[in-house]
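Okay, so here's the structure we're looking at.
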Amino acid sequence: MIAYLFRRLLVAGSTLVGITLVTFVVLHLTPGEPALGLDVETRGPDPATIQALRTRYGLDRPLAVQYLDWAGRVARLDFGRSMVDHRPVRTRILERLPRTLALNLAALGIIFTVAIPLGALSAARRDSAIDRAAGFTLSTLYALPSFWVALLLQAGLAVGLGWFPLAGPASEGAAAWNLPARWLDGLWHMALPVFCLSYGSLAFVARFARANLLEALASESVRSARSRGLGPGRVLWRHALGQSWIPFLTLAGLLLPTLVSGSVLIERIFAWPGLGALLYESLFTRDYPTILGLTVLSATLVVAGTLITDILYLLADPRLRRPARAS
Amino acid sequence: MIPRRKMRLGTLALMVLAAVALGAPLLANDRPLILLRGEGLQFPALGEIPLLGRLLEQPGWSRRDWSLPQQSERWRLAPPIPYSYRQVSLADRYAPPSWRHILGADALGRDLAARVIHGTTVSLQVGLVSTSVALAIGVLLGALAGFSGRAADFVVSRGIEVALAFPTFFLLLAVLSFLPPSVPLLAVVIGLTRWPSLARYTRAEVMRLARAPLVEAARAAGAGPARVLFLHILPHSLTPVLVAATFQMAGAMLVEAGLSFLGFGVPEPLPSWGGLLSQAQGSGRWWLVLFPGLALTLAITTIQTLGDQYRDKLDPRLSRLQP
Amino acid sequence: MKGHAAIAVTLMAALAGCGTPESGTPTLRAYLSSEPASLNAVTQGDFNTEIIAKLVGDTLVDFDARLNIVPRLADSWDVEGDGRRVVFHLHPGVNWHDGVPFTADDVAFTLEKVLDPASLAAGKRPYFETVTGWQVLDDNTVEISRNEPYARAVEVWAMLPILARHVYAGQDFLEAAANRSPVGTGPYRFVEWQAGSSLELAANPDYFGPRPGIPRIIFRPLPDPATRVAALLAGDLDFTSLRPVDRERIQADPDLSRRVRITQVERLFVWYIAWNQDGSNPFFTDPRVRRAMTQALDREGFVRDVLQGAGQVATSLVHPAMWSFRADIEPWPFDRRAAAGLLDAAGWEDHDGDGLRDRNGTPFSFTLLMPVGNQELIRAMTLLQESLRTLGVEMAIHKLEYNLYRADRDAGRFAAMAGGWVLDTDPDCYDFWHSSQARGSGINYASYKDAEVDTLCAEARRLVDRDERAAMYGRVQEIIHRDQPNTFLAYRDTLLGLSRRLQGVEGSPRSVWGSYPGPLNWRLEAETP
């Protein structure tokens with residue numbers, strides 16, 4: 001087991017290297033120059049300035065050297081400096097990380113607490129009016145583009161009724177308030193963006209839950225539990241849910257990286273200073289260090305997601321420990 | 001049991017969608033369906049039908065101004081909506097729905113009904129092509145990873161992780177910087193960013209089923225690995241994969257809508273539903289928001305309903321279950 | 001309407017146990033279209049940086065709302081040798097916000113930094129490249145010399161906020177703390193910048209110039225134009241630029257028009273299409289073809305219907321608000337028949353009967369390059385595309401993100417290219433039309449070549465006399481109109497939506513913020529209950 005863990009960690013490390021290598025190469029092969037903070041509707045940078053930038057950030061060295069240098073520094077948690085504002089990439093990311101985490105944690109929380117019970121209910125009352133109504137409502141919700149819903153909500157609930165703030169992460173002057181007030185204010189500002197981030201995934205997770213629970217309900221053990229005269233509620237929660245937690249784990253592993261991957265559209269519309277907008281801007285300005293820093297962050301979560309899922313699988317089902325090829 | 005009526009309705013809706021997508025040039029076009037000229041009958045609108053139209057198309061048709069009477073024209077039968085999706089008319093700018101423009105007109109006076117109808121072709125193409133790409137790669141790699149032993153699993157799983165962590169939007173930028181934009185290209189790129197989750201679901205399901213008694217039995221009976229995989233494992237593992245795939249198809253259309261909002265949608269002057277919605281932004285004209293939104297919602301809901309039904313039909317165990 | 005919000009805010013303030021300390025100070029709520037990377041306008045050339053830098057800092061001279069050059073840090077200046085030598089006499093007794101006296105040496109420091117390629121001052125350096133020396137004559141006098149005459153020797157200082165040498169001493173110029181918490185001499189002091197959330201400025205009570213009418217400004221980064229308009233309507237923002245559709249919507253709704261005032265202001269901005277004449281395509285070397293393109297596009301309709309009158313049909317890179325504008329040149333009218341005739345005359349006829357014009361076997365089919373994200377420009381190009389289609393010319397539209405667009409544009413990798421251009425206050429056309437500035441070496445993107453224009457552009461920038469220059473630039477406009485190296489779509493005006501309480505805003509063709517004393521004359525009126 002220890003040896004297995006060690007091996008998996010080693011693999012995870014090499015995967016990280018692979019991801020950064022691929023991103024690094026694709027990034028540098030894509031045309032475009034690091035932007036120098038100029039509006040596009042004016043003249044572009046002169047050659048001397050471009051050369052100065054390339055020298056400053058070592059872009060004139062061979063790619064392999066650049067990568068090794070970068071990787072070496074990342075190993076010491078130094079992500080270099082942004083080519084746009086010349087601040088450490090780590091500072092730039094940490095500045096935005098809490099806001100992105102807050103938004104995505106809230107969205108994920110809502111998705112799971114609403115969607116799984118709803119999916120379970122749909123599965124238990126399969127083809128009933130509730131099942132159909134839930135399915136229809138959720139798939140209609142899913143079909144609405146988020147930027148469109150966001151703008152409608154802004155027009156209706158923020159501008160029209162004034163119930164929610166229009167945009168931004170905090171009220172004016174909120175920095176001077178005490179902690180509970182700042183928290184409340186933050187939650188209030190999060191309401192609309194969180195809704196826009198979560199409503200679409202509700203349908204997906206609810207259906208996922210419904211499908212897997214239906215399958216579990218059809219399985220031998222559940223049928224035998226049912227035949228033993230257990231109540232439908234007990235059958236559903238104890239036996240069916242208990243059986244289908246492996247697919248749920250896969251799903252959770254897949255969703256882990258979304259914690260740090262913001263949505264450009266929602267962040268733009270609600271002026272939310274998150275990592276999605278940072279990545280988007282960095283791509284356009286070819287801010288290589290920032291793009292790579294963000295890639296390391298999301299890659300770490302991707303790898304961690306797989307790792308954790310695999311380990312839990314292992315604990316759940318010792319048979320999986322055998323090699324997959326059982327001839 | 002699945003209600004028969006609902007089943008037919010879903011299938012019917014899909015067939016209508018497909019018919020609109022394929023027959024868009026016959027439903028909304030500035031070209032006449034039938035044109036009687038001195039030298040005989042012509043069918044200009046048929047020339048724009050995907051694939052088959054090539055045979056009927058005549059040189060110069062695509063550049064003609066069909067709203068004017070043609071040379072030696074005697075009689076014409078116009079399509080139900082006598083506008084093409086690209087024809088501009090500033091005089092009709094933001095015309096509200098009326099007999100002239102049944103769904104209204106957009107900022108350049110283009111007929112919205114024509115654009116929504118032709119948008120069906122574009123949006124379904126984006127959805128179908130990208131899902132096919134994602135499904136092909138995802139199921140293949142997922143099955144490979146789940147079934148073909150550790151080495152394959154290792155390679156594929158690392159590949160999935162690389163794909164998941166790579167900034168997907170950047171892939172689009174990178175591809176578009178080398179290739180001219182087109183609907184199929186956009187669809188393929190969207191598909192390329194969406195296979196990892198399908199691969200993961202497939203892998204997990206295949207791994208689970210590879211241990212199932214049924215499969216062990218088949219193996220014991222001497223079935224080869226390919227036979228086991230394709231006959232005994234894949235059909236059963238498709239349950240969650242197909243549910244996910246219907247979402248992928250709908251999701252791809254939404255991705256295209258989002259890209260349109262950011263300016264990276266299908267190239268001008270082709271309409272897509274998402275593109276129509278994002279062009280409607282800030283116009284304050286309800287018809288521009290309502291009709292494309294309705295089309296998008298209806299299509300996505302239809303696809304999802306069908307996905308559900310397909311799953312129910314495919315999985316015999318579920319059919320046996322009495323609610 | 002806003003009652004609930006007010007209740008919620010009061011609730012929170014009550015929870016916080018105190019009101020906001022500055023709640024009594026009248027505050028202008030302004031926006032930044034994106035968060036600036038730095039507040040150092042020497043290294044950072046974008047519009048948002050410039051807004052802050054010119055409130056916290058000062059330039060030597062500036063433009064008033066009529067585009068006249070007015071004194072700012074410099075009280076007066078002497079120009080000799082057609083701009084070869086300029087002496088600035090600085091305002092005495094000015095202090096930096098940290099109390100250190102401002103001197104001519106700070107001007108020298110700023111100039112050093114602009115000329116040093118390591119400062120990455122790409123936006124500013126081209127205007128100072130011919131500077132060969134500078135001399136601090138005394139604390140309040142500085143002399144700048146150039147190796148050749150330069151008509152704009154004084155006005156280019158309007159784009160350069162002066163930086164303090166002592167603040168940057170011993171620090172890397174690009175990484176200095178002052179780039180995010182600047183120390184200036186300007187009318188506003190920097191208070192606080194909360195990344196992603198807000199940037200606060202407060203009036204400088206010791207300012208040497210006119211007293212700012214608004215005591216406090218809070219900028220919020222609002223990247224989405226629709227969000228900005230919504231914020232204005234919700235009362236969270238005091239002004240923003242509007243799209244034509246927003247104006248229509250607000251004017252149609254009495255409740256909204258009660259809350260928002262709209263003004264239309266000229267702006268030094270033009271939409272254009274450059275036709276590549278470097279010989280890489282067989283179409284656009286012939287001026288008849290370029291004029292056909294211009295006449296195939298319904299520019300009047302574009303201005304009337306798409307811009308809703310927020311602009312006017314353009315003829316060149318000289319804006320009507322500039323002293324050098326030739327008002328007597330009539331733009332080519334929209335005339336598809338004339339366009340067809342010009343194409344025929346140039347040999348582009350449909351020889352093979354496929355509906356597409358061709359010459360020597362080459363069909364008239366080209367791709368137009370444009371940046372993503374601008375609905376107006378896309379609409380104009382769609383109009384052109386559709387008009388050309390029935391004229392037998394095929395135009396594909398290739399939208400690229402800004403970085404790739406700029407790369408292709410600057411290297412001349414296009415047959416046709418559409419874009420917008422922020423015009424300079426001076427008609428200097430050397431960079432735009434001189435043949436030496438073609439293809440990658442300058443901003444003559446269309447690779448236009450004309451001997452007379454070359455001479456005029458090279459000569460007129462070396463003169464200081466306005467009348468002489470006006471005559472020469474008038475002739476350039478005439479030739480450009482004749483040759484149509486670019487099709488100029490429209491000078492695009494700004495539509496400003498202002499809250500009722502914001503008064504005294506006088507638009508300037510450079511931008512709302514871009515005049516002096518401009519923003520210092522704004523005031524906020526107490527809101528009528």
Side-chain angles (χ1 to χ4, degrees), chain A residues 11 14-15 18-19 22-23 26-27 29-32 125-128 135-136 139-140 142-148 151 200 203-204 207-208 211-212 214-215 217-219 246-247 250 253-254 257 264-265 279-280 283-284 291 294-295 298-299 301-303 306 317 319-320 323-327, chain B residues 1-3 146-150 153-154 157-158 160-162 164-167 169-171 173-174 177-178 197 200-201 204-205 207-208 210-211 219 239-240 243-244 247 250 254 257-258 261-262 274 277-278 281-282 289 293 296-301 304-305 308 311 315 317-318 320-321 323:
Chain A
V11 168
S14 54
T15 311
I19 293 171
V22 169
T23 312
V26 176
L27 212 54
L29 290 184
T30 303
R125 306 265 157 83
R126 180 162 178 247
D127 290 326
S128 68
F136 179 77
S139 58
T140 310
Y142 176 75
L144 305 173
S146 60
F147 68 87
W148 186 65
L151 289 163
F204 178 72
R207 263 166 201 246
F208 190 89
N212 282 293
L214 277 180
E215 197 169 310
L217 283 173
S219 71
I246 285 193
T250 314
L254 271 177
V264 189
L265 292 172
L279 178 63
Y280 188 69
L283 286 175
F284 285 153
I291 301 171
L294 288 168
T295 307
S298 66
L301 283 194
V302 167
V303 171
T306 326
D317 189 354
R319 282 182 306 161
L320 283 176
R325 200 176 34 242
S327 44
Chain B
M1 297 266 23
I2 312 149
F147 193 72
S148 305
R150 284 211 166 155
D153 184 23
F154 181 82
S157 297
R158 302 296 82 76
I160 291 175
E161 283 166 357
V162 172
L164 279 175
F166 188 79
F169 188 74
F170 192 68
L171 185 68
L173 285 188
S177 64
F178 291 112
S197 54
R200 274 206 176 172
Y201 293 133
E205 283 299 295
M207 279 175 89
R208 195 173 60 89
R211 312 261 157 271
R219 211 179 262 132
T239 307
V243 179
F247 276 92
L254 291 171
F261 184 75
L262 295 170
L277 265 188
S278 60
Q281 277 321 311
V289 176
L296 191 61
T297 312
L298 280 177
I300 291 179
T301 315
Q304 288 178 343
T305 315
D308 278 359
R311 182 204 62 216
D315 198 333
R317 284 169 299 166
L318 293 180
R320 268 188 272 123
L321 183 77

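Keep in mind it's a predicted model, so treat the numbers as computed, not measured. Here is how names work: the chains are called A, B, and so on, in the same order as the sequence lines, proteins then strands, and each is numbered from 1.
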Among A:P145, A:S128, A:S14, which has the most heavy-atom pairs under 4.5 Å with chain B?
A:P145

So, the part of A:L301 with a heavy atom under 4.5 Å from chain B: the answer is neither

Which atoms of A:Y142 approach chain B - backbone, side chain, both or neither, heavy atom under 4.5 Å:
both

For B:S157, is it the side chain, the backbone, both or neither that has a heavy atom under 4.5 Å from a heavy atom of chain A?
neither

Output the option from A:T30, A:L294, A:I291, A:L29 having the highest count of non-hydrogen pairs under 4.5 Å with chain B.
A:T30

Would you check if there is a donor-acceptor pair between the side chains of A:T306 and B:R200 at a distance under 3.5 Å?
yes

Taking all non-hydrogen atoms of both residues, which atom of A:L265 and which atom of B:G258 are closest, and how far apart?
CD1-CA, 3.7 Å

Do the rings of B:Y201 and A:F208 sit parallel, tilted or perpendicular, given the 30° and 60° boundaries?
tilted

Can you say whether A:L144 sits under 4.5 Å from chain B via the side chain, the backbone, both, or neither, judging by heavy atoms?
both

With a 4.5 angstrom heavy-atom cut-off, could you sort out which part of A:P257 is near chain B: side chain, backbone, both or neither?
neither

Using non-hydrogen atoms and a 4.5 Å limit, figure out which bit of B:L164 sits close to chain A: side chain, backbone, both or neither.
both

I want to check something: taking the side chain as every heavy atom from C-beta on, are A:V264 and A:L279 in contact at a cut-off of under 4.5 Å?
no

Measure across A:A143 and B:T301 and return the closest heavy-atom pair with its distance rounded to 0.1 Å.
CB-OG1, 4.4 Å

Which distance, rounded to the nearest 0.5 Å, do you find between the CD1 of B:I160 and the CG of B:D153?
8.5 Å

